[in-house]
Amino acid sequence: MDSFELNKVAGAVLGTLLFAIGSGFVAELIYHPKPAGSAGYALPEPEPAKGGGEAAAPKAEPIAVRLASADAEKGKGGTKACQACHSFEKGGPNKVGPDLWDVVERQKAHHEGFDYSAGLKEKGGNWSYEDLDHFIENPKAYVKGTKMAFAGISSPTERANVIAYLRTLSDSPKPLPAAEKAAEKKDEAKPAEVKPAEAKPGAPPEPLATEAPAKANPNAEQKAKAGEVTKDKPTQQ
């Protein structure tokens with residue numbers, strides 16, 4: 001291919017580029033985008049909470065109260081995500097986490113063959129129902145530096161169901177905490193309501209409070225007496 005042919009090819013490519021650029025420039029001159037104007041409507045914005053802060057979440061009932069109505073079958077379904085890291089059968093193997101058979105009231109950080117985090121080893125004590133509730137809600141907040149990567153279960157009802165299922169994983173399930181005592185403690189924390197006194201049958205109704213009578217004007221009383229004396233005294237002829 002000689003230089004003449006190369007020049008024709010280069011000219012064709014250059015002409016195509018110039019045509020494309022020119023077409024875009026001409027299109028911008030002909031067509032102008034139109035503003036939306038007042039079409040549509042503004043979405044309402046959320047109203048800020050009164051008092052300048054967010055409303056506090058309602059406090060969950062004690063775990064003893066929630067366990068009284070918990071559903072262990074629903075709790076079993078709630079542990080499906082846990083099965084990747086834990087086994088639940090008796091004598092089951094340790095995985096990323098320890099086997100959870102008979103975990104209720106088991107000594108913390110003492111399951112055979114599992115290397116626990118230093119934070120859990122420092123906790124001490126046994127896994128009570130209340131401790132399990134706090135740990136399942138937020139493991140990282142309950143045990144600093146825990147190896148457990150699970151974010152936790154925020155719903156108090158779901159946590160109670162899971163703990164009720166963990167309680168069944170035992171040859172002799174531990175007794176449930178007394179819900180009556182927990183309810184009594186909760187009621188004691190509430191201020192006592194003042195009830196109006198009930199009227200006894202046959203008793204007269206209590207008198208209503210009335211305003212004190214206005215003080216008599218002494219001058220008016222003297223004038224009234226003087227008028228009565230004048231009226232009773234016979235007139236002289």
Would you say [Y] ends up clustered with [X] if hydrophobic residues are merged whenever their side chains have heavy atoms under 4.5 Å apart, either directly or through other cluster members?
| X | Y | result |
| --- | --- | --- |
| Val96 | Tyr116 | no |
| Ile163 | Leu176 | yes |
| Phe114 | Phe150 | yes |
| Leu100 | Val104 | yes |
| Leu169 | Phe135 | yes |

Practice problem: Applying ring pair (Phe, Tyr, Trp, His ring centres under 6.0 Å), name anything that partners Phe88, two or more places apart in sequence or on another chain. | Solution: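 Phe88: no ring pair (Phe, Tyr, Trp, His ring centres under 6.0 Å) contacts found.
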Self-check item: Within 45° cone of Tyr142 ring axis and under 6.0 Å: Lys123 NZ or CZ
Solution: yes
Practice problem: Not counting sequence neighbours, which residues clear side chain to side chain donor-acceptor pair (under 3.5 Å) with Asp133? List them please. | Solution: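 Counting only residues at least two positions away or on another chain, Asp133 forms a side chain to side chain donor-acceptor pair (under 3.5 Å) with Arg66, Arg159.
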Quiz prompt | Listed partners of Tyr165 passing side chain to side chain donor-acceptor pair (under 3.5 Å), at least two apart | solution = none
Quiz item: Side chain of Asn161, backbone of Asp71: donor and acceptor closer than 3.5 Å?
Solution: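 A pair under 3.5 Å: yes.
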Quiz item: Is there a donor-acceptor pair closer than 3.5 Å between any side-chain N or O of Arg106 and the backbone N or O of Trp101?
Solution: yes
Exercise. Taking atom CD of Gln83 as the centre, report whether more than 12 heavy atoms of other residues, nucleotides or ligands fall under 6.0 Å from it.
Key: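 Yes, enclosed.
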